[in-house]
Student: 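I have a structure I would like to understand better, so I am pasting it below and will then ask my questions one at a time.
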Amino acid sequence: MVKICCIGAGYVGGPTMAVIALKCPHIEVAVVDISVPRITAWNSDQLPIYEPGLEDIVKQCRGKNLFFSTDVEQHVREADIVFVSVNTPTKTTGLGAGKAADLTYWESAARMIADVSVSDKIVVEKSTVPVKTAEAIEKILMHNSKGIKFQILSNPEFLAEGTAITDLFNPDRVLIGGRETPEGFKAVQTLKEVYANWVPEGQIITTNLWSAELSKLAANAFLAQRISSVNAMSALCESTGADVTQVSYAVGTDSRIGPKFLNASVGFGGSCFQKDILNLVYICQCNGLPEVAEYWKQVIKINDYQKNRFVNRIVSSMFNTVSNKKVAILGFAFKKDTGDTRETPAIDVCKGLLGDKAQISIYDPQVTEDQIQRDLSMKKFDWDHPLHLQPMSPTTVKQVSVTWDAYEATKGAHAVCVLTEWDEFKSLDFQKIFDNMQKPAFIFDGRNIMDVNKLREIGFIVYSIGKPLDAWLKDMPAFI
Ligand SMILES: NC(=O)c1ccc[n+]([C@@H]2O[C@H](COP(=O)([O-])OP(=O)(O)OC[C@H]3O[C@@H](n4cnc5c(N)ncnc54)[C@H](O)[C@@H]3O)[C@@H](O)[C@H]2O)c1
Ligand SMILES: O=c1ccn([C@@H]2O[C@H](COP(=O)(O)OP(=O)(O)O[C@H]3O[C@H](CO)[C@@H](O)[C@H](O)[C@H]3O)[C@@H](O)[C@H]2O)c(=O)[nH]1
């Protein structure tokens, strides 16, 4: 039986390996991690991550051909194929701080593979890494002096959170990069055969190592660029009376552009876009391409601008101060159908409002109070390290309360901000919410999911991203 081991039981390692186990009953899959609580959770009824459809698959395969373990070395030693899906955070100190990828966890995994292996292996880069990482990893693995042969493949993951299982079941493509040598081609073929158990052959793209590594960074940069483009337009829409939803639709019906990923929002979040673009910017700088670096940097600048613009709009609309005013936040996760808060725009919006001394009351159906408090007190980029290495937050932010009920969060509030597009927010009883709020009652919709006309009929002052402003907001322009 072919044995696969995946180092890193996170948002990528967990779902990806669960789907491989489901689709390949003849393969034994072990997912290993240094984090004991994470592995304990994977082996329990309360999985460490929320992802629609995941629990069913884990229940079907766990204990049969899918195993979760902290015995990293044993499973690596026994495996034929080792996926590495560990954190690749942005460096916070030293050379390239704030931009370059920190490969500490990757390097330590590679050294461990070299140390414990007693047979030839295929090592697969699943983490998103800077282009040319495979070369560095190869050097580490080849220095084991035991005569063991390693083939490095790049197999970046394109799943999006919230839809990870459907993305894995029906990927647009699977990308496998390898060395262009007979051994490299053979390794590519071996991995291709794993995916071919459920992915049509035409959708499995094979390239050289560097193309595969760079394609992942490029794909995320292109996706994030679309959001920054539409968000930049949203600012212009507000100034001109155009409606960004109509503009997006009109633009997206051009088959060369396409309709997806053109929703204006409070800004993109998630663990990948910002980190990967910063990494791309750094690589361009290192390769003497400052103009290219500047070009991609602008995608992040517009995203920061959009988050600031949203906060400024809230404060300026409410008589230029939110000091001691209760502001309800509906949604803290970076998108719906996940409990993930990494780089969520909600952190920046809350910090902006706290800077103006607001009292914040937060409700999210999947995010715990502990997580929110940690997010609001953690330093930039600290979140992207294994859990047990993250700084604990002994102090809680006092002006923040977290509830398990949207009505409780909004009771007595001056304003409601919608920061995640959870479906349940659309069916809330807004008359009831309005009745229990201070007047004038404001709604700032950072996701454009609200029925604006209905809310205005109830009596709310409503701000939606990139939509014609109502009279109140026009009279109180937001200055950046
Ligand atoms: N989250 C996504 O949607 C997504 C999608 C595509 C690619 N990626 C990339 O995949 C990689 C992993 O992302 P993630 O979201 O799964 O991260 P994660 O933080 O959820 O999981 C990473 C796991 O690796 C473990 N780990 C770190 N070092 C280890 C070591 N030496 N040995 C054993 N375990 C170790 C950590 O404890 C953690 O549980 C990153 O490079 C990310 O950029 C993420
Ligand atoms: O039209 C849109 C689409 C998305 N977003 C926001 O963009 C962020 C990212 O969303 P999404 O891309 O759906 O989720 P991720 O899980 O971050 O997935 C991205 O990042 C992953 C990690 O690299 C890649 O694997 C995926 O292909 C890529 O879509 C979220 O805050 C969304 O709310 C918008 O504001 N407008």
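Whatever order the structure lists them in is the order used to number ligands and atoms, beginning at 1. Hydrogens, waters and symmetry mates are skipped; everything else that's a heavy atom, side chains included, is used.
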Student: Just by distance, with hydrogens left out, do Ser119 and Lys121 show a side-chain donor and acceptor under 3.5 Å apart?
Tutor: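 Indeed, the side chains of Ser119 and Lys121 share at least one donor-acceptor pair under 3.5 Å.
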Student: Check each atom of ligand 1 against the heavy atoms of Lys275 and keep those under 4.0 Å away; list them by number with element.
Tutor: 41 (O), 42 (C), 43 (O)
Student: Counting from 1, what ligand 2 atoms have a heavy atom of Glu161 closer than 4.0 Å?
Tutor: 16 (O)
Student: Write out the residue and atom name of the closest protein heavy atom to atom 22 (C) of ligand 2, then the distance separating them to 0.1 Å.
Tutor: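 Scanning the protein heavy atoms, the shortest distance from atom 22 (C) of ligand 2 goes to Cys272 SG, 2.5 Å.
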Student: I'd like to check Glu135 versus Trp210 (side-chain heavy atoms, cut-off strictly below 4.5 Å). Are they in contact?
Tutor: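 Yes. Closest side-chain heavy atoms under 4.5 Å.
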Student: Would you mind telling me if ligand 1 is within reach of the side chain of Cys272, the backbone, both or neither, using heavy atoms under 4.0 Å?
Tutor: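 The side chain, only.
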Student: Under a 4.0 Å heavy-atom limit, does Val12 contact ligand 1 with its side chain, its backbone, both, or neither?
Tutor: both
Student: Please work out whether any backbone atom (N, CA, C, O) or any side-chain heavy atom from C-beta onward of Met112 is under 4.0 Å from ligand 1, and answer side chain, backbone, both or neither.
Tutor: neither
Student: Note the single closest protein heavy atom to atom 12 (O) of ligand 2, along with its residue, its atom name and the distance in Å.
Tutor: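 The answer is Phe261 CZ, 3.1 Å.
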Student: Which ligand 2 atoms does Leu262 reach within 4.0 Å, using its non-hydrogen atoms?
Tutor: 1 (O)
Student: Which residue holds the protein heavy atom closest to atom 5 (N) of ligand 2, what is that atom called, and what is the gap in Å?
Tutor: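 Nearest protein contact, heavy atoms only, for atom 5 (N) of ligand 2 is Ile227 CD1, 3.4 Å.
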Student: Tell me which part of Ser127 gets within contact of ligand 1: side chain, backbone, both or neither, using heavy atoms under 4.0 Å.
Tutor: both
Student: Considering only protein heavy atoms, which is closest to atom 25 (O) of ligand 2, and at what distance to one decimal place?
Tutor: Leu159 O, 2.7 Å
Student: Taking side chain as C-beta onward, heavy atoms only, is Thr133 less than 4.5 Å from Leu103?
Tutor: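 They are in side-chain contact.
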Student: I need the atoms of ligand 2 closer than 4.0 Å to a non-hydrogen atom of Ser265, numbered in the order shown.
Tutor: 34 (C), 35 (O)
Student: Going by the closest heavy atom to atom 33 (O) of ligand 2, which one wins out of Arg447, Glu421, Lys335?
Tutor: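 The nearest heavy atom belongs to Arg447.
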Student: Answer with yes or no whether Thr128 contacts ligand 2, where contact means a heavy atom under 4.0 Å from a ligand atom.
Tutor: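 Not so, Thr128 does not reach ligand 2.
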Student: For atom 19 (C) of ligand 2, what is the nearest protein heavy atom, given as residue, atom name and distance?
Tutor: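 Closest protein heavy atom to atom 19 (C) of ligand 2: Phe273 CE2, 3.5 Å.
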Student: Once you restrict to heavy atoms under 4.0 Å, what part of Asn263 touches ligand 2? Side chain, backbone, both or neither.
Tutor: both
Student: Which one holds for Lys216 and ligand 2: side chain close, backbone close, both close, or neither close, with close meaning a heavy atom under 4.0 Å?
Tutor: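 The answer is the side chain of Lys216.
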Student: For atom 27 (O) of ligand 2, what's the nearest protein heavy-atom neighbour? Residue, atom name and distance, please.
Tutor: Phe158 O, 2.7 Å
Student: With respect to atom 11 (C) of ligand 1, which of Val36, Asn87, Val86, Val76 exhibits the smallest heavy-atom separation?
Tutor: Val86
Student: Under 4.0 Å from a heavy atom of Gly10: give me the atoms of ligand 1 that qualify, with their elements.
Tutor: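 Per the distance check, 16 (O), 18 (P), 20 (O), 21 (O).
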